[in-house]
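What follows is one structure encoded as structure tokens, with my remarks underneath.
Each chain gets a letter, A, B and so on, in the order its sequence line appears, and its residues count up from 1. Only this structure's heavy atoms are used, side chains among them; waters, hydrogens and symmetry mates stay out. Remember, predicted model here, so these are calculated numbers, not experimental data.
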Number of protein chains: 2
Amino acid sequence: MKCEKVTKCRLDAVADIIGSKWNLMIIWHLRDSTLRFSELQSKMCGINSKTITKHLRDLEKESIITRTVFPEVPPRVEYTLTEPGRGILPIIDAMLIWGGKFRHPVEGREGCERNRIASAGE
Amino acid sequence: MKCEKVTKCRLDAVADIIGSKWNLMIIWHLRDSTLRFSELQSKMCGINSKTITKHLRDLEKESIITRTVFPEVPPRVEYTLTEPGRGILPIIDAMLIWGGKFRHPVEGREGCERNRIASAGE
DNA sequence: CGGTATCCCAGGCGATACTG
DNA sequence: CAGTATCGCCTGGGATACCG
């Protein structure tokens, strides 16, 4: 039976990486600077450490980011985009542009749902 | 606390559409022709009708595809990409190109996981 | 600090059956 | 043909707690 087009399956594979919200965000946040675990976590609306770890590991496995551990006393781990990883940036840009063109601007006031509760009083 | 960048949240929204494997595939298959429900379904490794229906409805709601019902005796429903929808095509292209550049070609023999079972031998 | 382990629920998706 | 309904598994991901 098999799928009639390989294209589709390729797409399928690529979508596993590009298709994940979290992956996209990690890559995006790493766009112009190396970040540490905690920095990433806080930038991403306080995403769960379990979740972020998983995606970080995936991206590392896919050679999209590199993970550097500094064996210091207060442990430090830094994440950086690799070259292949940087190749995704233009794609994200395109997505954002598309979003800007066809979707209503979304003022930004609503932020992400995840910390609407946290910012409660706000 | 709030996310420091709106960009991220935008990305989040766009990822809801572009970030879904199925959505991507539907859009891709519609790239150069209108297709009927069953055509789409068979092109996509025999994806479940429930699943495909859901995504089709989502995309329709987002004005990425249009759904045309022909009130004929054997019912016919056709799906077509809208203009905004076509705007996603270049992005998918970029994804595919990226995939081709940085990931090993993936000969295609493995097809999609979903019917590896069907092709058993593996 | 940077995780891992555990629990748990909501949702995604497949299979199957049924309908207009 | 083009769905909808139901069931049931599995993963994603949040919360919490603990560790090197």
Side-chain angles (χ1 to χ4, degrees), chain A residues 1 3 8 12 15-26 29-30 34-61 65-80 112-120, chain B residues 1 3 12 15-17 19-26 29-30 34-61 65-80 111-119:
Chain A
M1 187 239 228
C3 19
K8 174 225 137 296
D12 184 278
D16 271 345
I17 302 162
I18 319 233
S20 150
K21 259 179 161 59
W22 296 130
N23 283 353
L24 245 6
M25 288 187 196
I26 291 173
H29 283 302
L30 251 27
T34 286
L35 292 176
R36 324 179 32 167
F37 186 89
S38 51
E39 291 173 322
L40 268 172
Q41 188 171 13
S42 63
K43 275 178 187 294
M44 297 172 65
C45 302
I47 176 183
N48 217 307
S49 47
K50 189 187 71 177
T51 305
I52 199 174
T53 301
K54 178 194 184 303
H55 289 273
L56 248 12
R57 295 283 188 268
D58 284 352
L59 291 173
E60 191 193 355
K61 206 169 353 178
I65 60 174
T66 52
R67 177 169 179 269
T68 316
V69 183
F70 296 83
E72 306 174 354
V73 178
R76 184 174 23 138
V77 180
E78 292 189 344
Y79 296 92
T80 316
C112 57
E113 338 72 67
R114 263 163 280 289
N115 56 11
R116 271 219 294 262
I117 304 86
S119 27
Chain B
M1 188 234 228
C3 18
D12 184 277
D16 272 345
I17 301 162
S20 149
K21 260 178 160 60
W22 297 130
N23 284 352
L24 245 6
M25 287 186 196
I26 291 172
H29 283 301
L30 252 26
T34 285
L35 292 176
R36 327 180 29 169
F37 186 90
S38 51
E39 291 173 320
L40 269 171
Q41 188 171 12
S42 62
K43 275 178 188 292
M44 299 172 63
C45 300
I47 176 184
N48 216 308
S49 47
K50 188 186 69 175
T51 305
I52 199 173
T53 302
K54 179 196 182 302
H55 290 272
L56 248 12
R57 296 282 188 267
D58 284 352
L59 291 172
E60 191 193 355
K61 206 169 354 178
I65 61 174
T66 52
R67 177 169 179 269
T68 316
V69 183
F70 297 83
E72 306 173 356
V73 178
R76 183 172 25 136
V77 181
E78 293 189 343
Y79 296 92
T80 316
C112 54
E113 339 72 68
R114 262 162 279 289
N115 54 13
R116 268 221 296 262
I117 303 87
S119 28

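- The base of C/dG14 sits with one of its N or O atoms less than 3.5 Å from a complementary donor or acceptor on the side chain of B/Lys50.
- Within 4.0 Å (heavy atoms only), B/Phe70 reaches no atom of the nucleic acid at all.
- At the heavy-atom level, B/Pro74 lies nowhere under 4.0 Å from the strands shown.
- When the side-chain nitrogen and oxygen atoms of B/Arg57 are compared with OP1 and OP2 of D/dG3, one or more of them lie within a distance under 4.0 Å.
- When the P atom of D/dT11 is taken as reference, atom CH2 of A/Trp22 falls 20 Å away, rounded to whole Å.
- Look at A/Arg36 and you won't find any side-chain N or O under 4.0 angstrom from OP1 or OP2 of C/dC1.
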Item to complete: Go through the steps to decide whether A/Ile26 and A/Leu35 satisfy the test side-chain contact (heavy atoms from CB on, under 4.5 Å), and finish with yes or no.
Response: CA-CA 10 Å; A/Ile26 291 173; A/Leu35 292 176; over 6 Å; no
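- For the pair A/Pro75 and A/Ser20, nearest-nucleotide mapping onto DNA chain D gives the more 5' position to A/Ser20.
- Side-chain proximity of A/Ile47 to D/dG14, C/dG3, D/dG3: nearest is D/dG14.
- Atom CD in B/Gln41 sits roughly 10 Å away from atom P in D/dG3 (whole-Å rounding).
- Backbone-only engagement by A/Ser38 is indicated by non-hydrogen atom pairs under 4.0 Å involving sugar-phosphate atoms exclusively.
- Summarising the geometry, the separation between CD1 on A/Ile26 and C1' on D/dG13 is reported as 13 Å, rounded to the nearest angstrom.
- Counting only heavy atoms from C-beta outward, the side chains of B/Thr53 and B/Asn48 never approach each other to under 4.5 Å.
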Discussion item. Walk me through whether A/Met44 and A/Trp22 qualify under side-chain contact (heavy atoms from CB on, under 4.5 Å).
Written reply: CA-CA 9 Å; A/Met44 297 172 65; A/Trp22 296 130; 3.5 Å; yes
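- In this structure, NZ of A/Lys54 is placed 15 Å from P of C/dA5, rounded to the nearest angstrom.
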Item to complete: Given side-chain contact (heavy atoms from CB on, under 4.5 Å), test A/Leu24 with A/Ile18 step by step and report yes or no.
Response: CA-CA 6 Å; A/Leu24 245 6; A/Ile18 319 233; 4.0 Å; yes
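- One finds a side-chain N or O of A/Arg67 lying less than 4.0 angstrom from the OP1 or OP2 phosphate oxygen of C/dG3.
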Fill in: From CA spacing to verdict: side-chain contact (heavy atoms from CB on, under 4.5 Å), B/Arg67, B/Leu56
CA-CA 9 Å; B/Arg67 177 169 179 269; B/Leu56 248 12; over 6 Å; no
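- For A/His55 and C/dG3, the NE2 to C1' distance is 15 Å, given to the nearest whole Å.
- Residues A/Thr34 and A/Glu39 come closest through the heavy atom pair O-OE1, 4.3 Å.
- Atom pair B/Ile52:CD1 and D/dA5:C1' shows a separation of 18 Å (rounding to whole Å applied).
- Proximity of a side-chain donor or acceptor of B/Gln41 to a complementary backbone N or O of B/Ile47 within less than 3.5 Å is detected.
- The CG-P distance, from B/Asn48 to C/dC18, rounds to 16 Å in whole Å.
- Nearer the 5' end of DNA chain C, as judged by each residue's closest nucleotide, is the contact made by A/Val77, out of B/Thr51 and A/Val77.
- For the helix from C/dC1-D/dG20 to C/dG20-D/dC1, the end axes, each set by the C1' atoms of five terminal pairs, are bent relative to each other by 50° (nearest 10°).
- Rounding to whole angstrom units, CG of residue A/Leu35 and C1' of C/dG2 are separated by 15 Å.
- The two residues A/Tyr79 and A/Arg57 have their closest heavy-atom pair at OH-NH1, 3.9 Å.
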